[in-house]
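Note that the numbering runs from 1 along the sequence shown for the chain. Treat the numbers as computed from the prediction; the structure is a model and nothing was measured. Values below: every heavy atom of this structure, side chains too, minus hydrogens, waters and symmetry copies.
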Amino acid sequence: MSFLPFIDKLDDQCIRNMIVFLLSGHYIWDTYLSIRQYKVAVNAVDIPEQLKGIMKTEEYTKARHYSIAKLKYGFVKEFQANVINILMIYSNFFAIIWNYTETINPFLDEVSTSCLWLIILQLINTIIDLPFSIYYTFVLEEEFGFNKQTAGFFVWDKMKQFVVFEIISSTIASIVIVVVKNGGDYFFIWLWIVVGVNTLLLLTIYPAVIAPLFDKYTPLPDGELRTEIEALASSLKFPLTQLYVVEGSKRSSHSNAYFYGLFKSKRIVLFDTLLAKDDGSGCKDEEILAVLSHELGHWSRSHTIKNLILVQVNLFLLFAIFAATFKNPTLYTALGFYKTKPVLVGMFVVLQYVTMPYNTIISFLMTVLSRKFEFEADDFAVQLNKGKPLEKALVKLNKDNSGFPVHDWLYSAWHYSHPPLLQRIEVLREGVKKFEIKNK
(Lines give C-alpha, C1' and ligand atoms only; values in the text may rest on other atoms or scores of the structure.)
Protein backbone atom coordinates (compact mmCIF):
# COMPACT_ATOMS: atom_id res chain seq x y z
CA MET A 1 0.00 0.00 0.00
CA SER A 2 1.41 3.39 -0.99
CA PHE A 3 1.68 6.40 1.29
CA LEU A 4 -0.55 8.07 -1.30
CA PRO A 5 -3.24 5.36 -1.61
CA PHE A 6 -5.01 6.90 -4.60
CA ILE A 7 -1.91 6.20 -6.71
CA ASP A 8 -2.37 2.45 -6.17
CA LYS A 9 -5.72 2.67 -7.95
CA LEU A 10 -4.34 4.40 -11.06
CA ASP A 11 -2.94 2.72 -14.15
CA ASP A 12 0.15 4.06 -15.92
CA GLN A 13 -1.87 6.15 -18.40
CA CYS A 14 -3.73 7.87 -15.57
CA ILE A 15 -0.47 8.65 -13.79
CA ARG A 16 1.02 9.95 -17.03
CA ASN A 17 -2.02 12.20 -17.53
CA MET A 18 -1.81 13.33 -13.90
CA ILE A 19 1.83 14.36 -14.35
CA VAL A 20 0.99 16.32 -17.50
CA PHE A 21 -1.95 17.94 -15.72
CA LEU A 22 0.31 19.07 -12.88
CA LEU A 23 2.96 20.37 -15.27
CA SER A 24 0.38 22.25 -17.33
CA GLY A 25 -1.32 23.65 -14.25
CA HIS A 26 1.98 24.96 -12.93
CA TYR A 27 2.76 26.51 -16.34
CA ILE A 28 -0.69 28.15 -16.63
CA TRP A 29 -0.44 29.62 -13.12
CA ASP A 30 3.04 31.05 -13.73
CA THR A 31 1.95 32.45 -17.09
CA TYR A 32 -1.09 34.09 -15.51
CA LEU A 33 1.13 35.77 -12.91
CA SER A 34 3.58 36.92 -15.58
CA ILE A 35 0.74 38.39 -17.66
CA ARG A 36 -0.37 40.37 -14.60
CA GLN A 37 3.16 41.74 -14.14
CA TYR A 38 3.50 42.43 -17.87
CA LYS A 39 0.37 44.58 -17.80
CA VAL A 40 1.72 46.50 -14.81
CA ALA A 41 5.06 47.10 -16.54
CA VAL A 42 3.39 48.29 -19.76
CA ASN A 43 1.04 50.70 -17.99
CA ALA A 44 3.29 52.07 -15.22
CA VAL A 45 4.89 54.81 -17.31
CA ASP A 46 5.27 57.35 -14.51
CA ILE A 47 7.92 57.26 -11.79
CA PRO A 48 6.42 56.26 -8.42
CA GLU A 49 6.07 59.11 -5.92
CA GLN A 50 8.62 57.56 -3.53
CA LEU A 51 11.33 57.66 -6.24
CA LYS A 52 10.70 61.11 -7.68
CA GLY A 53 13.84 63.16 -7.35
CA ILE A 54 15.82 59.98 -6.70
CA MET A 55 15.43 58.07 -9.95
CA LYS A 56 15.83 59.82 -13.30
CA THR A 57 13.26 59.41 -16.06
CA GLU A 58 15.73 57.64 -18.37
CA GLU A 59 16.73 55.23 -15.58
CA TYR A 60 13.11 54.39 -14.85
CA THR A 61 12.31 53.96 -18.55
CA LYS A 62 15.31 51.65 -19.05
CA ALA A 63 14.25 49.54 -16.06
CA ARG A 64 10.70 49.35 -17.37
CA HIS A 65 11.78 48.26 -20.86
CA TYR A 66 14.25 45.76 -19.36
CA SER A 67 11.48 44.23 -17.26
CA ILE A 68 9.17 43.97 -20.28
CA ALA A 69 11.93 42.35 -22.36
CA LYS A 70 12.63 39.74 -19.67
CA LEU A 71 8.94 38.96 -19.30
CA LYS A 72 8.58 38.45 -23.08
CA TYR A 73 11.64 36.20 -23.01
CA GLY A 74 10.08 34.26 -20.14
CA PHE A 75 6.82 33.73 -22.03
CA VAL A 76 8.65 32.04 -24.92
CA LYS A 77 11.08 30.06 -22.77
CA GLU A 78 8.43 28.73 -20.37
CA PHE A 79 6.11 27.76 -23.25
CA GLN A 80 8.93 25.85 -24.93
CA ALA A 81 9.90 24.14 -21.66
CA ASN A 82 6.32 23.05 -20.97
CA VAL A 83 5.84 21.64 -24.47
CA ILE A 84 9.12 19.71 -24.28
CA ASN A 85 8.29 18.34 -20.82
CA ILE A 86 4.92 17.06 -22.03
CA LEU A 87 6.47 15.50 -25.13
CA MET A 88 9.08 13.78 -22.98
CA ILE A 89 6.41 12.30 -20.72
CA TYR A 90 4.18 10.98 -23.51
CA SER A 91 7.06 9.68 -25.67
CA ASN A 92 8.69 7.65 -22.88
CA PHE A 93 11.79 9.76 -23.51
CA PHE A 94 13.41 9.00 -20.15
CA ALA A 95 13.06 5.24 -20.69
CA ILE A 96 14.44 5.52 -24.22
CA ILE A 97 17.55 7.30 -22.90
CA TRP A 98 17.88 4.71 -20.13
CA ASN A 99 17.73 1.83 -22.63
CA TYR A 100 20.34 3.56 -24.78
CA THR A 101 22.53 4.12 -21.72
CA GLU A 102 22.43 0.38 -20.93
CA THR A 103 23.70 -0.42 -24.44
CA ILE A 104 26.76 1.84 -24.11
CA ASN A 105 27.57 1.21 -20.45
CA PRO A 106 30.25 -1.51 -20.14
CA PHE A 107 29.60 -2.04 -16.40
CA LEU A 108 25.84 -2.66 -16.56
CA ASP A 109 25.27 -1.98 -12.85
CA GLU A 110 22.52 0.41 -11.74
CA VAL A 111 24.83 3.01 -10.18
CA SER A 112 26.98 3.58 -13.27
CA THR A 113 23.97 3.37 -15.59
CA SER A 114 22.11 5.97 -13.52
CA CYS A 115 25.10 8.34 -13.53
CA LEU A 116 25.54 8.00 -17.27
CA TRP A 117 21.78 8.48 -17.73
CA LEU A 118 21.96 11.71 -15.74
CA ILE A 119 24.90 12.98 -17.78
CA ILE A 120 23.14 12.31 -21.10
CA LEU A 121 19.91 13.95 -19.90
CA GLN A 122 21.81 17.01 -18.69
CA LEU A 123 23.71 17.21 -21.97
CA ILE A 124 20.44 17.14 -23.92
CA ASN A 125 18.93 19.73 -21.60
CA THR A 126 22.00 21.98 -22.04
CA ILE A 127 21.75 21.73 -25.83
CA ILE A 128 18.02 22.53 -25.77
CA ASP A 129 18.59 25.49 -23.44
CA LEU A 130 21.66 26.82 -25.28
CA PRO A 131 19.83 29.04 -27.83
CA PHE A 132 17.89 30.69 -25.01
CA SER A 133 21.02 31.15 -22.93
CA ILE A 134 22.87 32.71 -25.89
CA TYR A 135 19.95 35.02 -26.66
CA TYR A 136 19.55 36.10 -23.03
CA THR A 137 23.27 36.83 -22.61
CA PHE A 138 24.27 38.28 -25.98
CA VAL A 139 21.02 39.92 -27.09
CA LEU A 140 18.82 40.82 -24.12
CA GLU A 141 21.53 41.56 -21.54
CA GLU A 142 23.75 43.12 -24.22
CA GLU A 143 20.98 45.47 -25.31
CA PHE A 144 20.64 46.89 -21.80
CA GLY A 145 24.38 47.08 -21.15
CA PHE A 146 24.73 44.28 -18.61
CA ASN A 147 26.60 41.57 -20.51
CA LYS A 148 30.38 41.61 -20.10
CA GLN A 149 31.06 38.11 -21.42
CA THR A 150 32.92 37.32 -24.61
CA ALA A 151 31.91 34.31 -26.70
CA GLY A 152 35.02 32.44 -25.54
CA PHE A 153 34.33 33.19 -21.86
CA PHE A 154 30.71 32.08 -22.32
CA VAL A 155 31.67 28.73 -23.90
CA TRP A 156 34.40 28.00 -21.35
CA ASP A 157 32.07 28.94 -18.49
CA LYS A 158 29.34 26.61 -19.77
CA MET A 159 31.81 23.75 -20.12
CA LYS A 160 33.07 24.21 -16.55
CA GLN A 161 29.51 24.46 -15.22
CA PHE A 162 28.57 21.23 -16.96
CA VAL A 163 31.60 19.27 -15.71
CA VAL A 164 31.31 20.51 -12.12
CA PHE A 165 27.55 19.89 -12.01
CA GLU A 166 27.96 16.34 -13.36
CA ILE A 167 30.67 15.49 -10.87
CA ILE A 168 28.53 16.70 -7.96
CA SER A 169 25.23 15.22 -9.19
CA SER A 170 26.78 11.86 -10.11
CA THR A 171 28.46 11.61 -6.70
CA ILE A 172 25.22 12.37 -4.86
CA ALA A 173 23.20 10.06 -7.14
CA SER A 174 25.60 7.18 -6.47
CA ILE A 175 25.34 7.69 -2.72
CA VAL A 176 21.53 7.86 -2.91
CA ILE A 177 21.25 4.60 -4.85
CA VAL A 178 23.59 2.73 -2.52
CA VAL A 179 21.75 3.98 0.59
CA VAL A 180 18.30 3.14 -0.81
CA LYS A 181 19.34 -0.36 -1.85
CA ASN A 182 21.19 -1.19 1.37
CA GLY A 183 19.41 0.86 4.03
CA GLY A 184 16.53 -1.51 4.77
CA ASP A 185 12.93 -0.48 5.40
CA TYR A 186 14.00 2.74 7.09
CA PHE A 187 16.56 3.72 4.47
CA PHE A 188 15.00 7.18 4.23
CA ILE A 189 16.43 8.05 7.67
CA TRP A 190 19.94 7.10 6.55
CA LEU A 191 19.35 8.88 3.26
CA TRP A 192 18.31 12.04 5.09
CA ILE A 193 21.42 11.93 7.30
CA VAL A 194 23.78 11.32 4.37
CA VAL A 195 22.23 14.05 2.21
CA GLY A 196 22.28 16.44 5.19
CA VAL A 197 26.00 15.83 5.73
CA ASN A 198 26.67 16.30 2.01
CA THR A 199 24.70 19.55 2.06
CA LEU A 200 26.86 20.92 4.88
CA LEU A 201 29.97 19.74 3.03
CA LEU A 202 28.90 21.51 -0.17
CA LEU A 203 28.05 24.69 1.76
CA THR A 204 31.57 24.59 3.14
CA ILE A 205 33.60 23.76 0.03
CA TYR A 206 31.55 25.42 -2.72
CA PRO A 207 32.48 29.06 -1.97
CA ALA A 208 36.10 28.22 -1.17
CA VAL A 209 36.83 25.53 -3.78
CA ILE A 210 34.22 25.51 -6.55
CA ALA A 211 33.20 29.18 -6.92
CA PRO A 212 36.82 30.29 -7.63
CA LEU A 213 36.77 28.01 -10.68
CA PHE A 214 34.32 30.45 -12.27
CA ASP A 215 35.29 33.86 -10.88
CA LYS A 216 38.42 35.49 -9.51
CA TYR A 217 38.44 36.23 -5.76
CA THR A 218 41.01 38.65 -4.33
CA PRO A 219 41.39 40.07 -0.82
CA LEU A 220 39.88 43.54 -0.38
CA PRO A 221 42.86 45.95 -0.40
CA ASP A 222 43.85 47.70 2.79
CA GLY A 223 42.15 51.04 3.18
CA GLU A 224 39.33 52.88 4.84
CA LEU A 225 36.58 50.54 3.57
CA ARG A 226 38.35 47.41 4.79
CA THR A 227 39.06 49.00 8.17
CA GLU A 228 35.43 50.05 8.60
CA ILE A 229 34.11 46.60 7.60
CA GLU A 230 36.44 44.88 10.06
CA ALA A 231 35.40 47.34 12.78
CA LEU A 232 31.72 46.66 12.04
CA ALA A 233 32.24 42.90 12.20
CA SER A 234 34.24 43.21 15.41
CA SER A 235 31.57 45.37 17.08
CA LEU A 236 28.98 42.67 16.35
CA LYS A 237 31.36 39.82 17.28
CA PHE A 238 30.96 38.46 13.75
CA PRO A 239 33.81 35.93 13.26
CA LEU A 240 35.20 37.48 10.08
CA THR A 241 38.27 35.62 8.80
CA GLN A 242 38.46 36.72 5.14
CA LEU A 243 37.24 39.69 3.11
CA TYR A 244 37.14 39.23 -0.65
CA VAL A 245 36.23 41.08 -3.82
CA VAL A 246 34.91 38.87 -6.63
CA GLU A 247 35.52 39.93 -10.21
CA GLY A 248 31.88 39.75 -11.23
CA SER A 249 32.36 42.48 -13.84
CA LYS A 250 33.82 39.91 -16.28
CA ARG A 251 30.43 38.24 -16.34
CA SER A 252 27.90 41.01 -15.75
CA SER A 253 27.51 44.53 -14.37
CA HIS A 254 24.91 43.37 -11.81
CA SER A 255 25.92 43.89 -8.16
CA ASN A 256 25.74 41.85 -4.97
CA ALA A 257 27.36 41.10 -1.60
CA TYR A 258 27.13 38.07 0.67
CA PHE A 259 28.82 36.13 3.46
CA TYR A 260 29.43 32.42 3.82
CA GLY A 261 31.06 29.92 6.14
CA LEU A 262 30.07 27.76 9.07
CA PHE A 263 30.71 28.14 12.78
CA LYS A 264 33.65 30.44 13.67
CA SER A 265 34.98 30.99 10.16
CA LYS A 266 33.03 33.53 8.12
CA ARG A 267 33.98 35.24 4.88
CA ILE A 268 32.44 38.35 3.32
CA VAL A 269 32.41 38.74 -0.46
CA LEU A 270 31.80 42.01 -2.31
CA PHE A 271 31.19 42.12 -6.04
CA ASP A 272 33.59 44.56 -7.70
CA THR A 273 30.51 46.08 -9.37
CA LEU A 274 29.26 47.06 -5.90
CA LEU A 275 32.23 49.35 -5.28
CA ALA A 276 31.99 53.01 -6.28
CA LYS A 277 33.11 53.82 -9.84
CA ASP A 278 34.13 57.03 -11.58
CA ASP A 279 30.95 56.90 -13.70
CA GLY A 280 28.79 57.18 -10.55
CA SER A 281 27.74 53.55 -10.44
CA GLY A 282 28.29 51.42 -7.38
CA CYS A 283 27.94 52.47 -3.76
CA LYS A 284 29.84 54.76 -1.42
CA ASP A 285 31.61 53.27 1.60
CA GLU A 286 28.80 54.16 4.02
CA GLU A 287 26.27 52.53 1.69
CA ILE A 288 28.37 49.35 1.39
CA LEU A 289 28.58 49.24 5.18
CA ALA A 290 24.79 49.58 5.32
CA VAL A 291 24.36 46.67 2.88
CA LEU A 292 26.73 44.55 4.97
CA SER A 293 24.83 45.55 8.11
CA HIS A 294 21.75 44.08 6.46
CA GLU A 295 23.66 40.88 5.60
CA LEU A 296 25.03 40.65 9.13
CA GLY A 297 21.46 41.04 10.33
CA HIS A 298 20.73 37.67 8.72
CA TRP A 299 23.60 36.20 10.71
CA SER A 300 22.62 37.91 13.96
CA ARG A 301 19.01 36.73 13.70
CA SER A 302 20.15 33.18 12.78
CA HIS A 303 18.25 33.26 9.47
CA THR A 304 20.73 30.97 7.74
CA ILE A 305 20.48 28.36 10.50
CA LYS A 306 16.68 28.59 10.54
CA ASN A 307 16.51 28.11 6.77
CA LEU A 308 18.90 25.17 6.97
CA ILE A 309 16.76 23.49 9.64
CA LEU A 310 13.57 24.02 7.64
CA VAL A 311 15.19 22.61 4.50
CA GLN A 312 16.31 19.52 6.42
CA VAL A 313 12.83 18.97 7.91
CA ASN A 314 11.33 19.29 4.44
CA LEU A 315 13.88 16.84 3.01
CA PHE A 316 13.01 14.30 5.72
CA LEU A 317 9.30 14.52 4.83
CA LEU A 318 10.04 14.19 1.10
CA PHE A 319 12.29 11.17 1.62
CA ALA A 320 9.64 9.56 3.85
CA ILE A 321 7.03 10.04 1.11
CA PHE A 322 9.49 8.66 -1.44
CA ALA A 323 10.17 5.59 0.74
CA ALA A 324 6.46 4.83 1.08
CA THR A 325 5.66 5.38 -2.60
CA PHE A 326 8.55 4.54 -4.92
CA LYS A 327 7.93 0.77 -5.10
CA ASN A 328 4.64 1.29 -6.92
CA PRO A 329 5.31 -0.23 -10.39
CA THR A 330 2.93 2.13 -12.22
CA LEU A 331 5.17 5.08 -11.36
CA TYR A 332 7.77 3.47 -13.61
CA THR A 333 5.57 2.09 -16.36
CA ALA A 334 3.98 5.56 -16.67
CA LEU A 335 7.35 6.73 -18.02
CA GLY A 336 8.00 3.62 -20.09
CA PHE A 337 10.11 1.61 -17.60
CA TYR A 338 8.50 -1.82 -18.01
CA LYS A 339 11.45 -4.11 -17.19
CA THR A 340 13.39 -2.18 -14.57
CA LYS A 341 12.60 0.10 -11.63
CA PRO A 342 15.71 2.25 -11.18
CA VAL A 343 15.94 4.03 -7.83
CA LEU A 344 16.87 7.34 -9.42
CA VAL A 345 13.86 7.22 -11.74
CA GLY A 346 11.53 6.50 -8.83
CA MET A 347 12.99 9.42 -6.89
CA PHE A 348 12.66 11.64 -9.96
CA VAL A 349 8.98 10.76 -10.45
CA VAL A 350 8.03 11.08 -6.78
CA LEU A 351 9.99 14.21 -5.86
CA GLN A 352 9.55 16.02 -9.16
CA TYR A 353 5.99 15.15 -10.12
CA VAL A 354 3.97 13.33 -7.45
CA THR A 355 4.83 15.85 -4.74
CA MET A 356 4.57 18.87 -7.05
CA PRO A 357 1.52 20.40 -5.26
CA TYR A 358 3.26 20.00 -1.90
CA ASN A 359 6.51 21.47 -3.28
CA THR A 360 4.61 24.45 -4.70
CA ILE A 361 3.01 25.25 -1.34
CA ILE A 362 6.30 24.85 0.53
CA SER A 363 8.09 27.07 -1.99
CA PHE A 364 5.51 29.81 -1.49
CA LEU A 365 5.71 29.54 2.31
CA MET A 366 9.52 29.76 2.14
CA THR A 367 9.16 32.88 -0.01
CA VAL A 368 6.89 34.44 2.61
CA LEU A 369 9.37 33.55 5.34
CA SER A 370 12.27 34.91 3.30
CA ARG A 371 10.54 38.28 2.94
CA LYS A 372 9.98 38.35 6.71
CA PHE A 373 13.69 37.69 7.22
CA GLU A 374 14.58 40.50 4.82
CA PHE A 375 12.52 43.00 6.81
CA GLU A 376 14.17 41.77 10.00
CA ALA A 377 17.64 42.23 8.47
CA ASP A 378 16.66 45.73 7.31
CA ASP A 379 15.52 46.55 10.85
CA PHE A 380 18.85 45.27 12.18
CA ALA A 381 20.62 47.79 9.93
CA VAL A 382 18.26 50.53 11.15
CA GLN A 383 19.15 49.75 14.77
CA LEU A 384 22.81 50.26 13.83
CA ASN A 385 21.84 53.74 12.56
CA LYS A 386 22.36 52.68 8.96
CA GLY A 387 18.76 52.93 7.76
CA LYS A 388 19.26 56.03 5.61
CA PRO A 389 22.41 54.82 3.81
CA LEU A 390 20.74 51.43 3.34
CA GLU A 391 17.83 53.11 1.57
CA LYS A 392 20.29 54.98 -0.67
CA ALA A 393 22.15 51.75 -1.37
CA LEU A 394 18.95 49.86 -2.25
CA VAL A 395 17.92 52.61 -4.67
CA LYS A 396 21.40 52.71 -6.23
CA LEU A 397 21.58 48.94 -6.60
CA ASN A 398 18.09 48.95 -8.09
CA LYS A 399 19.14 51.61 -10.61
CA ASP A 400 22.48 49.94 -11.42
CA ASN A 401 20.68 46.61 -11.98
CA SER A 402 17.78 48.28 -13.83
CA GLY A 403 15.33 46.73 -11.41
CA PHE A 404 11.76 47.76 -12.18
CA PRO A 405 10.29 49.09 -8.91
CA VAL A 406 6.58 48.60 -9.70
CA HIS A 407 5.10 45.14 -9.20
CA ASP A 408 1.80 43.37 -9.35
CA TRP A 409 1.14 42.32 -5.76
CA LEU A 410 0.34 38.68 -6.57
CA TYR A 411 3.29 38.22 -8.93
CA SER A 412 5.59 39.75 -6.35
CA ALA A 413 4.20 37.71 -3.44
CA TRP A 414 4.62 34.47 -5.39
CA HIS A 415 8.03 35.02 -6.99
CA TYR A 416 10.11 37.47 -4.99
CA SER A 417 12.03 36.27 -1.96
CA HIS A 418 12.92 39.91 -1.28
CA PRO A 419 10.22 42.54 -0.65
CA PRO A 420 9.66 45.02 -3.50
CA LEU A 421 11.83 48.15 -3.39
CA LEU A 422 8.97 50.58 -2.71
CA GLN A 423 7.72 48.50 0.20
CA ARG A 424 11.20 48.23 1.68
CA ILE A 425 11.67 52.00 1.40
CA GLU A 426 8.40 52.68 3.22
CA VAL A 427 9.25 50.26 6.04
CA LEU A 428 12.82 51.59 6.28
CA ARG A 429 11.66 55.20 6.54
CA GLU A 430 9.17 54.28 9.25
CA GLY A 431 11.88 52.38 11.10
CA VAL A 432 14.31 55.30 10.86
CA LYS A 433 11.68 57.66 12.31
CA LYS A 434 11.09 55.36 15.28
CA PHE A 435 14.83 54.93 15.79
CA GLU A 436 15.45 58.68 15.79
CA ILE A 437 12.61 59.33 18.23
CA LYS A 438 13.88 56.58 20.56
CA ASN A 439 17.45 57.91 20.49
CA LYS A 440 16.74 61.64 20.87
Side-chain angles (χ1 to χ4, degrees), residues 1-4 7 92-126 161-206 209-210 262 308-356 358-359:
M1 179 67 70
S2 166
F3 177 79
L4 301 175
I7 290 180
N92 292 335
F93 175 80
F94 299 109
I96 292 171
I97 298 300
W98 180 274
N99 293 335
Y100 171 72
T101 302
E102 287 185 323
T103 64
I104 64 173
N105 180 22
F107 302 106
L108 297 178
D109 63 292
E110 184 176 334
V111 172
S112 60
T113 301
S114 297
C115 291
L116 189 56
W117 180 70
L118 271 181
I119 292 171
I120 294 174
L121 286 178
Q122 184 59 27
L123 179 61
I124 293 170
N125 183 64
T126 300
Q161 286 178 14
F162 183 84
V163 171
V164 170
F165 178 81
E166 294 313 319
I167 291 173
I168 294 174
S169 61
S170 295
T171 301
I172 294 175
S174 300
I175 294 171
V176 167
I177 295 168
V178 171
V179 171
V180 172
K181 284 189 166 296
N182 297 280
D185 292 338
Y186 297 97
F187 74 83
F188 63 94
I189 297 176
W190 297 110
L191 183 61
W192 175 65
I193 293 172
V194 169
V195 170
V197 170
N198 276 274
T199 300
L200 291 176
L201 182 63
L202 280 174
L203 286 173
T204 303
I205 69 171
Y206 181 86
V209 179
I210 300 174
L262 298 174
L308 190 59
I309 292 172
L310 289 172
V311 167
Q312 293 307 313
V313 170
N314 183 49
L315 268 180
F316 182 84
L317 293 174
L318 286 172
F319 288 159
I321 294 172
F322 166 67
T325 308
F326 83 109
K327 291 183 179 180
N328 187 320
T330 54
L331 292 176
Y332 300 87
T333 56
L335 295 185
F337 289 83
Y338 299 104
K339 297 180 180 179
T340 60
K341 296 190 292 184
V343 168
L344 213 58
V345 174
M347 178 168 280
F348 175 71
V349 174
V350 174
L351 301 189
Q352 183 75 18
Y353 298 134
V354 174
T355 59
M356 185 180 291
Y358 167 81
N359 291 333

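F93 contributes atom CZ, which lies 3.5 Å from atom CD1 of I124 (distance to the nearest 0.5 angstrom). Going from atom CG of L116 over to atom CZ of F107 covers 10.0 Å, rounded to the nearest 0.5 Å. Interatomic distance, CG of L344 versus CG of L118, reported as 5.0 Å (0.5 Å rounding).
Of all heavy-atom pairs spanning L318 and L351, the tightest one is O-CD2, 3.7 Å. The nearest pair of heavy atoms linking M347 to F319 is CE-CE2, 4.1 Å. Summarising the geometry of F322 relative to V343, their closest heavy-atom pair is CZ-O, 4.1 Å, with the distance given to 0.1 Å. Nearest heavy-atom pair across W192 and Q312 is NE1-O, 2.7 Å. For the residue pair I321 and T355, the shortest heavy atom distance occurs at CG2-CG2, 4.0 Å. Closest approach of T113 and L108 over heavy atoms only: OG1-C, 4.1 Å.
Of the possible polar contacts, none joining the N125 side chain to the L121 backbone as a donor-acceptor pair under 3.5 Å is found. Side-chain atoms of Y332 come within 3.5 Å of backbone atoms of F326 as a donor-acceptor pair (strictly under, hydrogens ignored). Between the side chain of N99 and the backbone N or O of A95, at least one donor-acceptor pair lies under 3.5 Å. Side-chain atoms of W117 come within 3.5 Å of backbone N or O of F94 as a donor-acceptor pair. Side chain of T333 to main chain of Y338: no donor-acceptor pair is present (N/O by atom type, distance under 3.5 Å, no hydrogens or angles).
When side chains are defined from C-beta on, L308 counts as touching L200, because their heavy atoms get closer than 4.5 Å. Side-chain contact between L202 and I172: present, with at least one pair of heavy atoms (C-beta onward) separated by less than 4.5 Å. Annotation: side chain of P329 is not in contact with side chain of F337 (no heavy-atom distance under 4.5 Å).
Y100 OH: 12 or fewer foreign heavy atoms inside a 6.0 Å radius. Applying the 6.0 Å contact sphere to CG of D185 captures no more than 12 heavy atoms from other residues, nucleotides or ligands.
For the residue pair T101 and N105, no side-chain donor N or O sits within less than 3.5 Å of a side-chain acceptor on the partner.
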